[in-house]
Amino acid sequence: MGSYIGSSGTFEVMRNLNLEKIYRLILLNQPISRAQLAQLSGSNKVTVSNCVDFLLEKGIVHELGVVGAGKGRPATLISINGDSGVLVGIEMNIPFIRVIVTSLSGVMLENIILPDIGSDPEAFTQQVSATITMLEEMYKVRKLGVIGVGFAFPGYNPQTGVIEQMPKWQTWNKFPILKEMQKYNLGIPLFFRSTVQAATMGEIHFGKANPFEQLVYLSGTWGISASVYSNGALISGHHGLAGRIGHFIIQANGKQCICGSKGCLEEYGSIRALFNKLYPGKLQHHKYIREILERVRGKDPVALVALHETVQYLAIGVVNVINAFNPSRICIGGYLGSIIDDSLLNEIKTIVAQMLPKYYWETLDIYCSNLGELGVAYGCIAVVRDQLISILVGDSAIKK
Ligand SMILES: [Zn+2]
């Protein structure tokens with residue numbers, strides 16, 4: 001919680017920090033009274049009332065009426081005003097682009113799959129800009145209209161605003177998506193994250209984790225990447241490239257990895273490793289992911305044995321993650337998260353317990369995301385929702 005509470009600073013900085021704190025407490029504990037907010041935040045009642053009044057005026061929260069009459073002092077409960085505006089999430093996920101629109105409370109209003117624009121990033125920016133303009137028109141009747149748009153891209157570097165490397169489409173490599181989208185002057189705050197960072201924010205806002213935890217999100221798509229959320233913020237590393245867990249070396253002089261190294265976790269404990277076992281000699285193609293998922297869900301014995309072997313290696317990756325980050329929760333998402341059942345999850349926990357002292361894992365929660373295929377899109381929504389106060393106080397144009 002430390003990052004929300006400043007020890008010094010200007011009046012404005014302190015006001016914004018208090019607003020952040022109160023907003024997040026309402027998100028987490030709604031409906032909630034001003035007195036409860038004061039208790040939870042440690043702030044005095046005047047500060048809480050000022051923050052709530054600001055959020056009421058902006059339309060972010062509303063009062064639900066008085067409760068508790070006859071049982072002590074009555075209190076007015078405060079809740080997020082889901083109808084005041086909408087949030088847009090745009091997930092670039094080859095071979096499709098998913099656009100979702102939700103209320104501030106996260107209620108799904110639109111779930112649109114845009115046609116594949118393939119290898120042309122300029123076509124993408126044109127298409128999504130037109131879509132955003134259309135959504136602005138559709139939702140302008142709401143007080144706040146479209147509040148912001150969150151994007152998730154594979155290979156996005158949050159420090160440079162550039163797509164470093166897009167799987168499959170090389171034309172996207174080094175594409176300055178942030179700068180290119182700014183050219184459209186949409187007049188709405190835009191936020192960009194890598195796919196795994198967005199998925200992590202999705203877990204914080206709509207999944208099992210909460211903002212006061214140390215969460216490591218392991219994304220198992222073709223490979224394995226990770227994002228760390230700590231003390232209210234994503235950790236992206238010196239160059240914005242933190243989280244390459246799939247390239248932790250678990251075998252000296254092991255299998256050749258696509259990164260150029262040998263013995264990386266990805267070659268043993270990922271969907272790609274599973275693919276190589278089940279389809280030896282075939283070229284990697286997205287259609288095989290669907291086939292693998294269907295085979296596992298259909299209890300194909302060959303696929304189940306291969307998955308079992310893969311998960312043993314994934315568990316070693318989980319042990320490394322625990323050693324590196326000492327998290328309170330580890331969430332496994334992506335396709336891997338959708339096919340690891342309770343029994344496999346227990347195997348991972350057993351391996352962790354065999355390899356690490358008890359105090360490393362006794363309070364640690366390892367689980368699979370239940371947000372399914374909407375996890376990343378919800379993550380885009382979460383990224384905007386997370387920045388709501390900076391949007392409201394005007395400290396936000398187009399963000400990385
Ligand atoms: Zn590697």
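Quick note: numbers below take in every heavy atom, side chains included, and nothing from hydrogens, waters or symmetry partners. Read the numbers this way: they start at 1 and go in the same order the structure lists the ligands and their atoms.
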Exercise for the section: Would you list the pairs meeting ring pair (Phe, Tyr, Trp, His ring centres under 6.0 Å) in which at least one residue belongs to residues 341-369, sequence neighbours left out? Expected result: none
Fill in the blank from the handout: Residues pairing under ring pair (Phe, Tyr, Trp, His ring centres under 6.0 Å) where one sits in residues 289-332, two or more places apart or in two chains, turn out to be Tyr268-Tyr313
Handout entry: Salt-bridge contact Arg329-Glu203 (side-chain N to carboxylate O under 4.0 Å)
Key = no
Completion exercise
For the Zn ion (ligand 1), protein N, O or S atoms at a distance below 2.8 Å amount to 4
Handout entry: Phe153 ring center near Phe124 ring center (under 6.0 Å)
Key = yes
Fill in the blank from the handout: Sequence neighbours excluded, the answer for side-chain contact (heavy atoms from CB on, under 4.5 Å) partners of Lys282 is Phe275, Tyr279, Tyr288
Practice task
Return yes when atom CD of Gln39 has more than 12 non-hydrogen atoms of other residues, nucleotides or ligands closer than 6.0 Å, and no otherwise.
Solution key: no
